[in-house]
Amino acid sequence: MFIFSLLSSLTVLTSPVRAEAHERSASFFSYDINHDQMIDYTVEAIGWTSTVKPSVTVEKHDQAVYTQYFYKQGEKNFRITFIQLKNGDVMYFVRNYPGKQSNQITLKITVFDSSTKTAILSSGKWRSIGLPSSSSSSLYIDGTFLHYRIGNVTAFKPLGYTTYDEVINKERPITIKSNGESASYLIPLPAEASYLSDTWGILSGQPLINWEDKTVSGAAAAMEFETTKKLGVDGQYYPTPDSTYNPYTPHSFYRNPANLDGLQALSYFSGENGNLFYDIATHLAYSSVNTQNPEGFWPTYPRSEGWLYKTYKIGYEYMDNRRNADNVTFLLNYAKQTNDPDVKQALKKWDTYQTGYIRKYGIRTGKHGILIPDYTDGTHVSHTSLNHQTANMNYILEAYLFDGDPVKKDLALQLLSGIEETSKRWVMPNHNLYYSLDRKLNPTSSNDYFELTRDDLLTAQDLLLEVRGEKSEVLQYLIDEKNKWIEEQLNVQRAAKGSN
């Protein structure tokens, strides 16, 4: 990664065509996506930013270049970040920050192409509509040669610890003006002392989603960051799990380091599925690189007040090894696809941290085995759950298959032995599995997930077969026990459904 800063008010990828009227604006940008010497998109922040010279920071990666323009005038602050991706697409992330005085910036995006298809996500399903005159929903638009996402506006109140409270009544609709040959999207971004406004989108010359493939479009719908989750310049945000977290509101979102959406996007990484998946996966990979802490892991910032703090005194900015295992599994698979040096370096830092973590906090279960605690804040540690233990083992096995490091293989097999040496302790009398064992290897009372742990164990069996040529009989025993319980629950549900 290469970073440098400079002062600039230049127009990006300018062409003399269609740009003359805005030459003096410090917040006007244009893009020739198709490289035909004709501007395809213009982006302008209309308001006080037009006369303010921004500070500019450029961050270069193998698959993308991030260029951030930061505007400041008195107490007012505004940021627009463009990401030029290797596939030719441009992502943008825009924020109007809180200030002592209210202000509004209008982001104007002009597209020099006619619209042929417009889609919005409604109740989890795509719906085709005509190009509207206004919209409170994000729009996916296909033209004759341009394809783009115009994101809706989200208003947030910052709560601290990477947590934001969505302020529903402050969000304003997008205004759309079209003349058949071009369309302009006016996106209002208000800010006051207590809240900010965000929006993001994608500008492309290739389809973002392959609408003809229902599996692909369904995956895009499941991944969409509009209502139940959000996408920021620094990663993905999920709803705060529950009111026992601090900070928390019924509409709060926190930065979730797990990056499960990135892993999902990699399943559709090829261009034939649409550029959306590459764009999202690449941005999540680099935002992960940038949010890795000096120790080598990705913290969960809010405090789990009612559980981890109450039970173990684990505070803010703790390490959740399941979220981290999910994230590094994503990064590992991204590295397999791209051989990205920055991502591989982030994985190396995690591997060093994880090895030290296992050595420092692992509990010996017998001659060979180790169980590792799920959570720590650097001072306090927690129980060990079977799904966390297995997910970490799976990552190490997969990493070993990628780089052949024998230390990883040995470490993974120690985690396997930890499960095998405690196998009888995990099984309930009713065939379900206990969620976790405490530091004295006694089962806790928490309920296990319905299928997640079983699925983790199945993945482990596939990896073990590849690594050492055979599966684990003990893991199969745990899988079989869990399957008995699952089948019993499904039979109860079928009987209840049949009686109605």
### Query
Within the distance-only criterion (no hydrogens, no angle test), does the side chain of Ser115 pair as donor or acceptor with the backbone N or O of Leu131 below 3.5 angstrom?
no

### Query
Would you say the side chains of Asp438 and Thr444 form a donor-acceptor pair under 3.5 Å?
no

### Query
Would the number of heavy atoms belonging to other residues, nucleotides or ligands and lying under 6.0 Å from CZ of Phe402 be above 12?
yes

### Query
In terms of side-chain heavy atoms, does Asp340 have a donor or acceptor partner in Tyr286 at a distance below 3.5 Å?
yes

### Query
Roughly how far, to the nearest 0.5 Å, is CD1 of Ile150 from OG of Ser135?
10.5 Å

### Query
Side-chain donor-acceptor pair under 3.5 Å between Ser288 and Asn327, yes or no?
yes

### Query
Distance only, no hydrogens: is a donor on one side chain within 3.5 Å (strictly under) of an acceptor on the other, for Asp89 and Gln206?
no

### Query
Are the side chain of Lys125 and the backbone N or O of Leu121 linked by a donor-acceptor pair below 3.5 Å?
no

### Task
Any chance you could lay out the side chain to side chain contact (heavy atoms under 4.5 Å, CB included) test for Gln461 and Leu475, step after step, and finish with the verdict?
CA-CA 7 Å; Gln461 292 286 61; Leu475 293 195; 3.8 Å; yes

### Query
Got a donor-acceptor contact below 3.5 angstrom from the Asp377 side chain to the Gly315 backbone?
yes

### Given Thr329, Asn333, Thr459, the one that forms side chain to side chain donor-acceptor pair (under 3.5 Å) with Glu398
Asn333

### Task
For side-chain hydrogen bond (donor to acceptor under 3.5 Å, both in side chains), just list the numbers for Tyr97 and Arg79, CA-CA rounded to whole Å, side-chain angles, deciding distance to a tenth of an Å, and then say yes or no.
CA-CA 8 Å; Tyr97 288 85; Arg79 183 205 70 219; 3.1 Å; yes

### Query
Take atom NZ in Lys349; do more than 12 heavy atoms of anything else shown fall under 6.0 Å from it?
yes

### Query
Taking Thr199 for the side chain and Val153 for the main chain, is one N or O donor matched with an acceptor at less than 3.5 Å?
no

### Message
Would you say Thr300 and Arg323 are linked by a side-chain donor-acceptor pair, where the criterion is simply a distance under 3.5 Å?
### Response
yes

### Message
Can you see whether Asn246 engages Tyr316 through a side-chain donor-acceptor pair at a distance of less than 3.5 angstrom?
### Response
yes

### Summary
For Val289 and Asp342, the nearest pair of non-hydrogen atoms, with its separation, is CG2-O, 3.9 Å

### Task
Would you please test His388 and Asn321 for side-chain hydrogen bond (donor to acceptor under 3.5 Å, both in side chains) and show each step?
CA-CA 7 Å; His388 280 238; Asn321 70 14; 2.6 Å; yes

#### Entry: Nearest heavy-atom neighbours spanning Leu463 and Asn394
CD1-O, 3.5 Å

### Message
Distance check, rounded to the nearest 0.5 Å: Leu332 atom CG versus Leu347 atom CG?
### Response
6.0 Å

### Query
So Asp456 and Thr390, side-chain hydrogen bond (donor to acceptor under 3.5 Å, both in side chains) or not? Walk me through it.
CA-CA 6 Å; Asp456 290 336; Thr390 308; 5.8 Å; no

### Task
Measure from NZ or CZ of Lys336 to the centre of the six-membered ring of Tyr334, then state whether that distance is under 6.0 Å and the direction lies within 45° of the axis.
no

### Message
Looking only at the side chains, is there a donor atom on one of Asn273 and Asp213 sitting less than 3.5 Å from an acceptor on the other?
### Response
no

### Message
How about CZ on Arg127, more than 12 heavy atoms from neighbouring residues, nucleotides or ligands closer than 6.0 Å, or not?
### Response
no

### Query
Distance from Met319 atom CE to Asn324 atom CG, nearest 0.5 Å?
6.0 Å

### Query
Are Lys367 and Glu421 ion-paired here, with the side-chain N under 4.0 Å from a carboxylate O?
no

### Task
Indicate the atoms forming the closest heavy-atom contact of Pro98 with Pro158, along with that distance.
CG-CG, 4.3 Å

#### Entry: Minimum-distance pair of heavy atoms, taken over all atoms of Lys440 and Arg425
O-NH1, 4.5 Å

### Task
State plainly whether the residues Arg322 and Asp374 are in salt-bridge range, i.e. N to O under 4.0 Å.
no

### Task
Start with the C-alpha distance between Asp261 and Lys229, add both sets of side-chain angles, then the distance that settles salt bridge (charged side-chain N to carboxylate O under 4.0 Å, His left out), and finish with yes or no.
CA-CA 10 Å; Asp261 292 288; Lys229 51 193 171 184; 2.6 Å; yes

### Query
When the ring planes of Trp307 and His383 are compared, do they come out parallel, tilted or perpendicular, using 30° and 60° as the limits?
parallel

### Task
Sequence neighbours left out, what pairs pass salt bridge (Lys or Arg N to Asp or Glu O under 4.0 Å) with at least one residue falling in residues 476-489?
Asp448-Lys482, Glu481-Lys484, Glu487-Arg494

### Query
What pair of heavy atoms forms the shortest contact from Trp485 to Asn430, and how long is it?
CD1-O, 3.5 Å

### Query
Could you go step by step and tell me if Tyr357 and Asn392 meet the side-chain hydrogen bond (donor to acceptor under 3.5 Å, both in side chains) rule?
CA-CA 12 Å; Tyr357 179 78; Asn392 278 266; over 6 Å; no

### Query
Does the side chain to side chain contact (heavy atoms under 4.5 Å, CB included) test come out yes or no for Thr376 and Tyr318, once each step is laid out?
CA-CA 6 Å; Thr376 185; Tyr318 62 90; over 6 Å; no

### Query
Can you name the ring-ring contact (aromatic ring centres under 6.0 Å, His included) partners of Tyr164, sequence neighbours left out?
Phe156, Tyr237

### Query
Of Asp462, Leu411, Val467, which meets side-chain contact (heavy atoms from CB on, under 4.5 Å) against Leu397?
Val467

### Summary
With sequence neighbours left out, the residues meeting ring-ring contact (aromatic ring centres under 6.0 Å, His included) with Tyr254 are none

### Message
Given the ring of Phe93, does Arg95 sit roughly above its face, with NZ or CZ under 6.0 Å from the centre of the six-membered ring and within 45° of the axis?
### Response
no

### Message
I'd like to know if Asp405 pairs up with Lys348 as an ion pair, taking the criterion as any Lys NZ or Arg NE/NH1/NH2 lying under 4.0 Å from an Asp or Glu carboxylate oxygen.
### Response
no

### Query
Between Tyr375 and Val381, does a side chain to side chain contact (heavy atoms under 4.5 Å, CB included) hold up when you go through it step by step?
CA-CA 6 Å; Tyr375 309 100; Val381 294; over 6 Å; no

### Minimum heavy-atom distance between Ala335 and Val343, given as atom pair plus value
CB-CG1, 4.2 Å

### Message
Quick one about Tyr278 and Gln63 (side-chain donor to acceptor, distance below 3.5 Å, no hydrogens or angles considered), yes or no?
### Response
yes

### Message
Before you tell me yes or no, could you show the steps for Leu139 and Ile176 under side chain to side chain contact (heavy atoms under 4.5 Å, CB included), namely the whole-Å CA-CA distance, both residues' side-chain angles and the distance that decides it to 0.1 Å?
### Response
CA-CA 11 Å; Leu139 303 167; Ile176 303 159; 3.6 Å; yes

### Query
So, Glu226 side chain and Ser138 main chain: donor-acceptor pair closer than 3.5 Å or not?
yes

#### Entry: Carboxylate-amine/guanidinium contact Arg149 Glu224, below 4.0 Å
yes

### Test item: side-chain donor near acceptor, Ser252 and Thr240, under 3.5 Å
yes

### Query
Do Asn259 and Leu263 touch side chain to side chain, with heavy atoms closer than 4.5 Å?
no

### Query
Under 3.5 Å, side chain of Ser472 to main-chain N/O of Val474, donor-acceptor pair present?
yes

